[in-house]
Trainee: 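Pasting in a structure now, in structure tokens, and then I'll have a few things to ask.
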Amino acid sequence: MPKLSLVVPAYKVQAYLAECLDSILEQDFTDFEVIAVDDCSPDASGAILDEFAERDPRIHVIHLTENVGLGHARNAGMEKATGEYLLFLDSDDTLTEGALRAIAERLEAAGDPEILVYDYARGYWDGRVSPNQRAALLRPDGPESFPLSERPQLLDLLQIVWNKAYRRDFVLRMGLSFPSGYYEDAPWTFCSMISAEHIALLDRVCVMYRQRREGGNILKTVSRKHFDVFDQYDRVFDFVDAHPELAEWRGPLFRKMVDHFLTVLTKPGRLPQNARAEFFHRASADYRKRLPAGFQRPAGNLGHKYAMIERGSYVTMAGALGAVKLRQAVRRRARTTVNRSKRNAMGVYYQSQLKLPLDENLALFSAYWSRGVSCNPAAIDAELARLAPNVRRVWAIKADAVDKVPAGVDYVRVGSSAYWSALARAKYLVNNVNFADAVVKREGQVHLQTHHGTPLKSMGLDQRKYPASTNMDFAQLLRRCDRWDFSVSSNRFSTAIWERVYPCSYVSLETGYPRNDVLANATAEDVRAARTALGLADGTRAFLYMPTHREYQAGFVPSLDLERLADELGPDVTLLVRGHYFYGGSSSHLAELYRSGRIVDVSDHGRVEELYLAADALITDYSSAMFDYAVLDRPIVIHAPDWQIYSTVRGTYFDLLEEPPGAVSTSQAELTALLDSGAYQSPDATARRAAFRRRFCELDDGRAAERVVRQVFLGESLTQLPPVVPLDERVPAPTPSDIAPSDSISVL
């Protein structure tokens, strides 16, 4: 029997679940079990739990066949728990370092009390940490353990279950279980605390209580479900009725009940406007029904509110609340005036266009800060033309990039009146980065964020941990992300990261990356055409070298002596070199090297997918190109001579040297040996690539763009979408060496 059983219910928490479980498994106290309950979650939460359970036998997973809610999910976990003590942890929260050891040691020191109460802190999306405002109640003062009657002020702590350890035999003896509903913690917390004969305290923050920016918090949800509070207090007083020895707690519990009613009634963003009077009268009825003999109302303004509820004076209460609303309205008008001034700065023309109706059949596309027609937006554009030809497709292009726009593509110059008109009136806005801060999200507009890579490096809010890598205004970043309606994801790994680092109220589309459709659907003829376009002769091995941007370098400085590498590999090898798009076209550093003929600058090549098809293998460092190229199931070499610097400055989500998609080199000599000997395609490298593909290419089956268009533009449900072809059933495009020699290939 383990000392501690941690019950962790999971529902739609794929962005936070791994962090929660890691915080448990990395504890230095190990005598515990985890009962993880998948509450029929529609996202990847269940699969994440299974993956952790495969790695650690202390995790036991329960998959519920229907969604039962947080309370009943906890009950299901308790039924399987075997530990001496029960702990509950919400799956978006985390334990602090050393928390379980501190809890276990305090339990022993206090003589195994029935309940141990420990501290927590609130952690916010912007990095702020706020302590528990009532933490002083947990300071050691008096005996090691005590009944609640000696410290009744503990009832003023937040009504939560996850800041306590409960002796399991006590829970079973008292018949405690969680009800369904919004406020399921209230009856459990109050009934357990008033029943325990021995309560101990631990003045230490053991839980970080995540304050999500969007979602996951009932206190920010406008709903009639807040009426559930009445049922929960019925359960509390039913418990007291069943235990006459607890009658002394009627008064304190009555006050907690009324305070809770007032909180729901007076706090904004909880009750629908048309339900407030009904809620008030229900609260008034419960007040009179539960009023203990001799109860004294609190003094001051709070006491006046008690009196209004007791008398059922809704008009008086509404008037008082109306005065508060008036003050809030004045503040809102002031903010509106400021915002209007900011909008005026966008330009009179844009403002005039915003007043016109949306064009329901207009879609505006942009990619890489309007540098051209490419990436996921381009693939979605092409599929939209096939499935919904009635939708006009227009691209936003910077003035210095219009000469790169393919023939037949409709575009508007960024900054022009046509551009502002399209931004204001297009029903659909599609981008792989964010639109400018000045863009207004109109009611009825649909913003589709496609992203442009699978994240190895830290992104979004995670970059706060690496200030050397960015000077980003994170609050402004999230205001831009608030405009998103949909976020395209290439795999479950990415979905979890996007939802955590961009905590906004969009819908994640796990479709695969549309830009990779061309790779998944490629044929031998496509491979041959790509090599012909680059002038690659039959029998020539082509290595595509694609290093990424480094924040600590001002420009493109290859970590390889490319000329020497080409000489060492011999005349039958061509190096295709593509610098990161941050650096524009060819760099002067490489100009001389390209004259050798065996080094080809493809930095300005319009379609990177054609380079992938033409290449026999990819050489990269930390670029997201590795995730796309893996769709082809061809060799990938990671050349990472500065991994320690890069991972320290920018931060990464996994150790690329430990989990690479193939062979790894950390020096030019190692790279040359790998390529020259053929070791880059050894069985070990192939096995690593297979594991990598299974993790990151699970959805890239060639129909990602179709899934996006059908969901976003045609409004189809998930059940109507093409099912994902299993990875083992896909047939990648043939490699260049597998293709019969062509009769008409020009040679460099």
Side-chain angles (χ1 to χ4, degrees), residues 3-7 20 23-24 27-29 32 74 83-90 92-124 128-168 170-171 174 176 183-211 219 236 246 248-249 252-253 255-256 259-260 263:
K3 180 71 173 179
L4 309 176
S5 290
L6 288 91
V7 177
C20 171
S23 77
I24 300 173
Q27 294 285 314
D28 58 0
F29 178 84
F32 66 83
R74 286 173 175 164
E84 183 180 350
Y85 279 86
L86 292 168
L87 284 73
F88 301 93
L89 185 65
D90 287 353
D92 55 353
D93 297 336
T94 55
L95 294 178
T96 61
E97 185 177 353
L100 294 187
R101 180 169 296 282
I103 289 170
E105 290 176 350
R106 185 73 188 99
L107 289 171
E108 182 177 359
D112 292 329
E114 290 150 322
I115 299 177
L116 173 68
V117 185
Y118 40 86
D119 203 2
Y120 66 91
R122 287 177 165 87
Y124 294 83
R128 290 180 296 121
V129 174
S130 174
N132 172 17
Q133 294 181 355
R134 299 186 181 276
L137 295 176
L138 300 177
R139 291 173 186 164
D141 181 17
E144 293 287 349
S145 67
F146 47 83
L148 186 63
S149 57
E150 295 183 14
R151 300 281 289 267
Q153 62 270 32
L154 290 176
L155 281 183
D156 292 332
L157 290 169
L158 190 64
Q159 299 159 25
I160 48 177
V161 64
W162 42 255
N163 70 334
K164 303 173 184 72
Y166 304 87
R167 209 170 68 205
R168 192 162 61 90
F170 162 72
V171 170
M174 299 307 300
L176 297 174
Y183 296 99
E184 73 287 328
D185 278 12
W188 174 283
T189 300
F190 289 138
C191 296
S192 62
M193 291 290 285
I194 64 176
S195 301
E197 297 180 3
H198 300 282
I199 299 173
L201 305 177
L202 174 58
D203 184 17
R204 183 192 193 280
V205 173
C206 295
V207 177
M208 289 301 297
Y209 177 25
R210 187 185 301 274
Q211 304 297 289
L219 304 184
V236 171
L246 301 176
E248 64 179 297
W249 293 106
L253 291 175
R255 178 162 180 170
K256 298 304 297 184
D259 287 347
H260 203 159
T263 297

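All residue numbers in this chain count up from 1 along the given sequence. Just so you know, these numbers come straight off a predicted model, no measurement behind them. Just the heavy atoms: all of them, side chains too, but no hydrogens, waters or symmetry mates, feed the values below.
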Trainee: Looking at every non-hydrogen atom in both residues, tell me the closest pair between Leu176 and Ser192 and how far apart they are.
Mentor: CD1-CB, 3.7 Å
Trainee: Could you give the distance from CZ (Arg139) to CG (Leu202), rounded to the nearest 0.5 Å?
Mentor: 14.0 Å
Trainee: How far does CH2 of Trp249 sit from SG of Cys191, to the nearest 0.5 angstrom?
Mentor: 12.5 Å
Trainee: Would Arg151 pass as a cation-pi partner of Phe146, given that its NZ or CZ must be under 6.0 Å from the six-membered ring centre and within 45 degrees of the axis?
Mentor: yes
Trainee: How many angstroms lie between CZ in Phe190 and NZ in Lys256, if you round to the nearest 0.5 Å?
Mentor: 5.5 Å
Trainee: With Leu201, which of Leu154, Ile115, Asp119, Asp141 fulfils side chain to side chain contact (heavy atoms under 4.5 Å, CB included)?
Mentor: Leu154
Trainee: Determine, for Tyr124 and Arg128, whether the Lys NZ or Arg CZ falls below 6.0 Å from the six-membered ring centre while staying within 45 degrees of the axis.
Mentor: yes
Trainee: Given side chains that start at C-beta, do those of Ser5 and Leu86 come closer than 4.5 Å, heavy atoms only?
Mentor: yes
Trainee: How far does CE of Met193 sit from OH of Tyr166, to the nearest 0.5 angstrom?
Mentor: 8.0 Å
Trainee: Under a 4.5 Å cut-off applied to non-hydrogen side-chain atoms, are Phe29 and Leu4 in contact?
Mentor: yes
Trainee: Is any side-chain heavy atom of Val171 less than 4.5 Å from a side-chain heavy atom of Trp188?
Mentor: yes
Trainee: Where do Arg204 and Ala102 come nearest, in terms of heavy atoms and distance?
Mentor: CD-CB, 3.4 Å
Trainee: Would Val207 and Asn163 count as a side-chain contact (heavy atoms from CB on, under 4.5 Å) here? Give the steps.
Mentor: CA-CA 7 Å; Val207 177; Asn163 70 334; 5.8 Å; no
Trainee: Please determine if Arg106 and Asp203 form a salt bridge, counting it only when a charged side-chain N lies under 4.0 Å from a carboxylate O.
Mentor: no
Trainee: How many angstroms lie between CZ in Arg101 and CD in Gln27, if you round to the nearest 0.5 Å?
Mentor: 9.5 Å
Trainee: So which of Val161, Val7, Leu100 actually passes side chain to side chain contact (heavy atoms under 4.5 Å, CB included) with Leu87?
Mentor: Leu100
Trainee: When you measure from the side chain of Thr189 to the backbone of Ala186, do you find a donor-acceptor pair of N or O atoms at a distance under 3.5 Å?
Mentor: no
Trainee: Would you check if Leu138 and Tyr118 make a side-chain contact, meaning some heavy-atom pair closer than 4.5 Å?
Mentor: no
Trainee: Under 3.5 Å, side chain of Asp90 to main-chain N/O of Asp92, donor-acceptor pair present?
Mentor: no
Trainee: For atom CD of Gln153, decide whether the heavy atoms of other residues, nucleotides or ligands shown that lie under 6.0 angstrom number more than 12.
Mentor: yes
Trainee: For a 4.5 angstrom cut-off between non-hydrogen side-chain atoms, does Leu253 reach Ile194?
Mentor: yes
Trainee: Determine whether a donor-acceptor pair (N or O, by modelled atom type, separation under 3.5 Å) exists between the side chain of Arg167 and the backbone of Asp112.
Mentor: yes
Trainee: Kindly give the heavy-atom pair with the smallest separation between Ala99 and Cys206, and that separation in Å.
Mentor: CB-O, 3.6 Å
Trainee: For a 4.5 angstrom cut-off between non-hydrogen side-chain atoms, does Tyr120 reach Asp93?
Mentor: no
Trainee: Between Asp185 and Arg74, is the closest basic N to carboxylate O distance under 4.0 Å?
Mentor: yes
Trainee: Measure the spacing between CZ of Phe32 and CG of Leu95 and express it to the nearest 0.5 Å.
Mentor: 8.5 Å
Trainee: Any idea which heavy atoms bring Glu197 and Glu114 closest together, and the distance?
Mentor: N-OE1, 2.6 Å
Trainee: For Gly83, does its backbone N or O pair with a side-chain atom of Arg168 as donor and acceptor, under 3.5 Å?
Mentor: yes
Trainee: Which class fits the ring pair Tyr209 and Trp162: parallel under 30°, tilted 30 to 60°, perpendicular over 60°?
Mentor: tilted
Trainee: Does any part of the side chain of Leu137, heavy atoms only, come nearer than 4.5 Å to the side chain of Asn132, both counted from C-beta?
Mentor: no
Trainee: Between Ser130 and Gln211, is any pair of side-chain heavy atoms under 4.5 Å apart?
Mentor: no
Trainee: Looking at Ala200 and Pro113, what are the two nearest heavy atoms and their distance?
Mentor: CB-CG, 3.6 Å
